Trainee: 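I'd like to ask you about the structure that follows.
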There are 2 protein chains.
Amino acid sequence: MRSYGQYCSIARALDLVGDRWTLLLVRELLLRGPSRYTDLKNGLPGVAANLLATRLRELEQMGLVRREDAPPPVATQVYELTEDGAALEPVLKALGLWGMRYMNEEHAGDAFQASWLAYVPAWFTNDADPAGPPAAIQLVADDEHAVIELGDGSVRARAGRTDHPDLTLVGPARAVLGVLLAKIDLQRARALGLTVKGRRDLLGRLRPAKGLSEAPRP
Amino acid sequence: MRSYGQYCSIARALDLVGDRWTLLLVRELLLRGPSRYTDLKNGLPGVAANLLATRLRELEQMGLVRREDAPPPVATQVYELTEDGAALEPVLKALGLWGMRYMNEEHAGDAFQASWLAYVPAWFTNDADPAGPPAAIQLVADDEHAVIELGDGSVRARAGRTDHPDLTLVGPARAVLGVLLAKIDLQRARALGLTVKGRRDLLGRLRPAKGLSEAPRP
DNA sequence: CCGGATCCCCAGGGATACTG
DNA sequence: CAGTATCCCTGGGGATCCGG
């Protein structure tokens with residue numbers, strides 16, 4: 001990218017990661033951990049192959065990404081974030097938090113992945129009952145599966161499934177996320193196609209982070 | 001900008017503000033408040049006139065910027081952030097904080113402005129002695145003037161000058177910012193051309209925010 | 001199948017000139 | 001002062017191809 005030519009830390013940051021696809025690539029590396037080229041390509045639907053290779057090369061040269069040989073089972077290379085690269089997490093959190101206000105409308109044809117389902121509760125909710133017992137919530141949105149695990153005072157989430165969840169939410173992504181962040185109530189979520197099974201009181205333990213509760217928008 | 005086509009709040013955010021110059025334009029509106037077109041153009045050295053006009057139109061249509069008639073003295077229009085636009089402040093702070101690690105090197109020819117000098121202490125330092133008496137620090141870097149005001153437990157900063165500062169720092173931007181954030185000591189700063197006059201103990205009241213102190217880099 | 005490299009084409013951005 | 005108009009050029013999208 002052309003430099004903005006400004007001695008300003010915001011401009012400097014954008015000089016490095018302001019290019020198209022760059023921050024989404026960092027998102028993938030942050031959410032998935034060390035990843036192969038093909039996994040990244042799958043995680044970034046729409047990216048051109050050459051562009052992904054170029055970005056990875058640039059990020060490596062800037063010192064934000066490291067290329068390493070994968071551990072024994074696989075014989076290929078993996079890409080992972082360096083310390084400087086991982087330090088972008090607050091940037092992605094801030095962007096993601098701000099962007100939540102535009103998640104009310106689902107645009108037809110938008111891609112969706114389990115890891116994007118998982119980071120929302122993990123990043124943007126707290127446990128309102130930190131001393132409460134462990135619990136697991138199974139999320140299923142557009143056939144993507146994620147699990148929220150409550151306990152030890154934290155809200156953790158990951159892509160995948162769990163046996164014996166205490167609560168299961170199945171429905172369109174918009175409804176699942178809306179309910180998790182208390183932006184829409186169960187009544188409206190059901191109208192959007194949400195199915196709820198299990199201990200719905202657990203939803204009360206998910207307290208939306210500041211900057212979200214502002215006011216549900218039309 | 002082309003949409004990324006992903007149902008992910010980070011991608012959504014970048015759909016709106018990921019375009020070139022957009023976040024820097026928001027930075028200007030945030031730091032300067034309601035601004036005229038020409039002020040924005042001056043605050044964004046290097047931007048093409050047509051691009052600035054396009055971005056303002058796009059941001060207005062997205063609901064991030066509002067165009068209004070200026071109060072009586074001037075007969076022109078001003079642009080200002082809406083609530084949604086101003087909510088980008090945490091994003092700019094996160095980006096700016098991350099970018100500080102690349103401010104050690106000044107690139108020849110980089111533009112520099114007083115408002116960019118001011119936001120660094122205002123955003124990235126706290127008063128280590130919140131109950132301490134009011135004090136003012138005059139900053140002069142590359143002929144740009146800014147003032148830090150301590151008192152009432154907060155660190156405020158603005159472009160401009162003050163009479164009777166308690167401390168005055170004059171020198172290249174890199175040295176002034178480095179000293180403010182405790183990334184370089186006075187000894188080294190002086191070697192870089194910094195001049196210090198007044199109560200240098202006041203520097204001890206500026207406590208760098210988390211995410212900065214990590215370790216000065218070469 | 002993985003990890004790219006190559007090629008073509010178009011939209012978005014840069015520089016400058018011009019206008020109400 | 002507040003933009004438009006124009007031209008040029010680069011960066012990115014999309015498809016295909018290629019070596020391991």
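The shown structure was predicted, so the numbers you read here are calculated from the model rather than taken from an experiment. Protein chains get the first letters and strands the later ones, always in sequence-line order, with residue 1 at the start of each.
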Trainee: Please state how far atom CD in B:Glu58 lies from atom P in C:dG12, giving the value in whole angstrom units.
Mentor: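 Going from CD in B:Glu58 over to P in C:dG12 covers 9 Å.
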Trainee: Using a 4.5 Å cut-off on heavy atoms from C-beta on, say whether the side chain of A:Arg12 contacts that of B:Asp110.
Mentor: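 In contact.
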Trainee: Taking only side-chain nitrogens and oxygens of B:Thr38, does any of them come within less than 4.0 Å of OP1 or OP2 of D:dA2?
Mentor: yes
Trainee: Any side-chain N or O of B:Arg36 less than 4.0 Å from the OP1 or OP2 oxygen of D:dG3?
Mentor: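 No, outside the criterion.
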Trainee: Between B:Tyr79 and D:dG3, is there a side-chain N or O to OP1/OP2 distance below 4.0 Å?
Mentor: yes
Trainee: Is the phosphate of D:dT4 approached by B:Arg57 (side-chain N or O, under 4.0 Å from OP1 or OP2)?
Mentor: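 Looking at the OP1 and OP2 atoms of D:dT4, one of them is under 4.0 Å from a side-chain N or O of B:Arg57.
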Trainee: Of the nucleotides C:dG14, D:dG13, C:dA5, which one has an atom closest to the side chain of B:Arg20?
Mentor: C:dG14
Trainee: Got A:Met100 and A:Phe124 here, is their nearest side-chain heavy-atom distance under 4.5 Å?
Mentor: yes
Trainee: Would one find a side-chain N or O of B:Arg55 under 4.0 angstrom from OP1 or OP2 of C:dG12?
Mentor: no
Trainee: Identify which nucleotide among C:dG13, D:dG3, D:dG14 has an atom closest to any side-chain atom of B:Arg2, counting heavy atoms from C-beta outward.
Mentor: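 When the side chain of B:Arg2 is considered, D:dG14 is the closest of C:dG13, D:dG3, D:dG14.
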Trainee: Does a donor on one side chain sit under 3.5 Å from an acceptor on the other, for A:Glu89 and B:Trp98?
Mentor: no
Trainee: Under 4.0 Å between a side-chain N or O of B:Trp21 and OP1 or OP2 of C:dG14?
Mentor: yes
Trainee: Which residue lies toward the 5' end of DNA chain D, B:Asn50 or B:Lys41, if each is placed at its nearest nucleotide?
Mentor: B:Lys41
Trainee: Describe, in one word, how the ring planes of B:Trp123 and B:Tyr119 are oriented to each other, choosing from parallel (under 30°), tilted (30 to 60°) and perpendicular (over 60°).
Mentor: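 Answer is tilted, since the angle falls between 30° and 60°.
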Trainee: OP1, OP2 of D:dA2 versus side-chain N and O of B:Thr76: anything below 4.0 Å?
Mentor: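 Yes.
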